[in-house]
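Remarks on the structure that follows.
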Amino acid sequence: SSPIKTEDEGVLRSYGKNEYDYFKLAVNWLPSKVKDPSALSYSSIPKDAKHVWHVHGLWPARFDNSGSPVSCSSSTPFNEAELAPMLDQLRGYWANIYNNSAETNFWSHEWYKHGTCCLDEDRLNSNTK
């Protein structure tokens, strides 16, 4: 990537494929998702967790809104087995609410699309971090 440029030059920064400035926490309010009940499934969500904010994802992002890095690597595969110790927490606060997909499909999607772009961060470089 190019070095950071001054504001006077019109561009604050030029980004490489996997570069980002901060993490964006995206959340969903599940009752608002019920506008299209045919697209949702509450079957895997514990009853007491249906009316709380749910994590959609933690995404690397860029200050200049040039688009966040996505799908950065396939070298670290999604490992469903690593999630076993935390399944109850995931079901309660990061549930896959979409019908016709396996429980882990959403988590796998988020890993490959966003998680693989954070492999340089020791605190986030595995399926369980």
Side-chain angles (χ1 to χ4, degrees):
S1 78
S2 301
I4 295 174
K5 300 178 182 179
T6 67
E7 192 169 346
D8 294 336
E9 294 172 335
V11 176
L12 292 177
R13 179 174 175 151
S14 177
Y15 295 91
K17 177 178 170 49
N18 297 0
E19 292 183 312
Y20 52 91
D21 297 307
Y22 66 98
F23 291 101
K24 180 187 299 186
L25 176 62
V27 295
N28 291 320
W29 177 248
L30 293 188
S32 70
K33 293 286 192 178
V34 181
K35 292 176 183 173
D36 181 9
S38 66
L40 300 174
S41 169
Y42 285 114
S43 60
S44 66
I45 303 171
K47 184 177 181 180
D48 61 344
K50 291 181 181 175
H51 295 285
V52 297
W53 289 97
H54 280 255
V55 172
H56 182 91
L58 183 65
W59 308 332
R62 297 175 177 156
F63 286 130
D64 72 352
N65 295 320
S66 64
S68 297
V70 294
S71 306
C72 297
S73 173
S74 59
S75 65
T76 305
F78 178 73
N79 185 341
E80 184 177 331
E82 288 182 2
L83 303 180
M86 63 181 81
L87 273 179
D88 287 342
Q89 290 175 308
L90 290 171
R91 289 176 180 138
Y93 299 101
W94 197 18
N96 179 2
I97 59 173
Y98 297 98
N99 280 331
N100 303 317
S101 69
E103 179 177 56
T104 58
N105 282 7
F106 180 63
W107 303 325
S108 175
H109 162 79
E110 290 296 302
W111 171 252
Y112 284 113
K113 185 169 183 181
H114 304 289
T116 60
C117 296
C118 307
L119 295 174
D120 62 323
E121 292 286 337
D122 288 338
R123 295 169 292 179
L124 300 171
N125 63 2
S126 81
N127 293 248
T128 58
K129 292 182 180 181

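Worth knowing before you read on, the calculation uses all heavy atoms, side chains too, and leaves out hydrogens, waters and symmetry mates.
Contact detail for Leu58 and Phe23: the closest heavy-atom pair is CD1-CB, 3.8 Å. Looking at every heavy atom in both residues, Pro60 comes nearest to Tyr20 through CB-CG, 3.4 Å. Considering every non-hydrogen atom in both Arg62 and Ser68, the closest pair reads N-OG, 4.3 Å. Between Cys117 and Ser71 the shortest heavy-atom distance is SG-N, 3.8 Å. Closest approach of Pro85 to Ala81, counting heavy atoms only: CD-O, 4.3 Å. Residues Tyr93 and Trp53 share a closest heavy-atom pair of CD2-O, 4.4 Å.
To the nearest 0.5 Å, the span separating NE2 on His54 from CG on Leu90 amounts to 11.5 Å. Atom CG of Leu83 and atom CD of Gln89 lie 11.5 Å apart (nearest 0.5 Å). Atom CG of Asn105 is separated from atom CD of Glu103 by 10.0 Å, given to the nearest 0.5 angstrom.
In this structure a side-chain-to-backbone donor-acceptor pair under 3.5 Å is present from Tyr112 to Phe78. Ser73 contributes no side-chain N or O that, together with a main-chain N or O of Thr116, makes up a donor-acceptor pair within less than 3.5 Å.
With sequence neighbours excluded, the residues forming a ring pair (Phe, Tyr, Trp, His ring centres under 6.0 Å) with Trp59 are His56, His114, listed by chain and number.
Hydrophobic clustering of Ile, Leu, Val, Met, Phe, Trp and Tyr side chains at less than 4.5 Å, counting indirect connections, keeps Trp111 apart from Val70.
Under the 30°/60° scheme for interplanar angles, the aromatic rings of Tyr22 and Phe63 are found to lie parallel.
Within a 6.0 Å radius of CD in Glu82, more than 12 heavy atoms belonging to other residues, nucleotides or ligands are found.
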